[in-house]
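Encoded as C-alpha cells, the structure appears first; notes follow it.
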Amino acid sequence: MSDNLDKLVASARADYAKREDGYRQRALKMYPWVCGRCMREFDNSNVRELTVHHRDHNHDNNPEDGTNWELLCVFCHDNEHQRFVEQITYGEDRAAVTTHNPFADLKSMMDDKKK
Ligand SMILES: [Zn+2]
Ligand SMILES: [Zn+2]
C-alpha cells in the first residue's frame, strides 16, 4: 500500500519536473531572480532553489506572457501551497474535494514531504 503510494508520488514528481523544465526556463528569462515573498535574491550558484509558482495553482495554465507565473524560493513556495491545500481541505465541502480534486496528488506530495 505505502509502496504504491511512493511510486505514485515518485512518478508525479518526475512528471512535474519534466513539465516544469519548459516554463521554468521561460519564467527565469522573463522575471528578475528574486523570490516574490521574502525578496531573497538568486544567482547561478543557487537558482535551482528558485521555483516557478502558478498563481492560479494550475500547472497547465502557462500563458506566453507569464502572467500566471511567480518566482518563489522553495520555502515560500511550500508555504504558498500549504495554505492552498488547507483552503481546499477545510474551506470547501469535503465530498466535492474528494471526488474531483485536481490537487489530490499535490496534497499527498506535501504530506509525504512532511514525514
Ligand atoms: Zn522566499
Ligand atoms: Zn506553486
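When a ligand or atom number is given, it counts from 1 through the structure's own listing order.
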Side chain to side chain, His54 and Trp69, heavy atoms closer than 4.5 Å: yes

Whether His81 has an N, O or S atom under 2.8 Å from the Zn ion (ligand 2): yes

Heteroatom test (N, O or S) for His57 near the Zn ion (ligand 2), limit 2.8 Å: no

The single option from Glu70, His59, His81, Arg37 passing side-chain hydrogen bond (donor to acceptor under 3.5 Å, both in side chains) against His53: His81

Enclosure of Glu49 CD (heavy-atom neighbours >12, cutoff 6.0 Å): yes

Side-chain heavy-atom pair Phe75, Cys35 within 4.5 angstrom cut-off: no

Leu50 vs Leu72 side-chain heavy atoms within contact, under 4.5 Å: no

Protein N, O or S atoms lying under 2.8 Å from the Zn ion (ligand 1), listed by chain and number: Cys35 SG, Cys38 SG, Cys73 SG, Cys76 SG

Note, Asn61 side chain near Arg55 side chain (heavy atom, < 4.5 Å): no

Proximal heteroatom of His53 relative to the Zn ion (ligand 2) (N/O/S): ND1

pair Val34-Leu71: side-chain heavy atoms closer than 4.5 Å: no

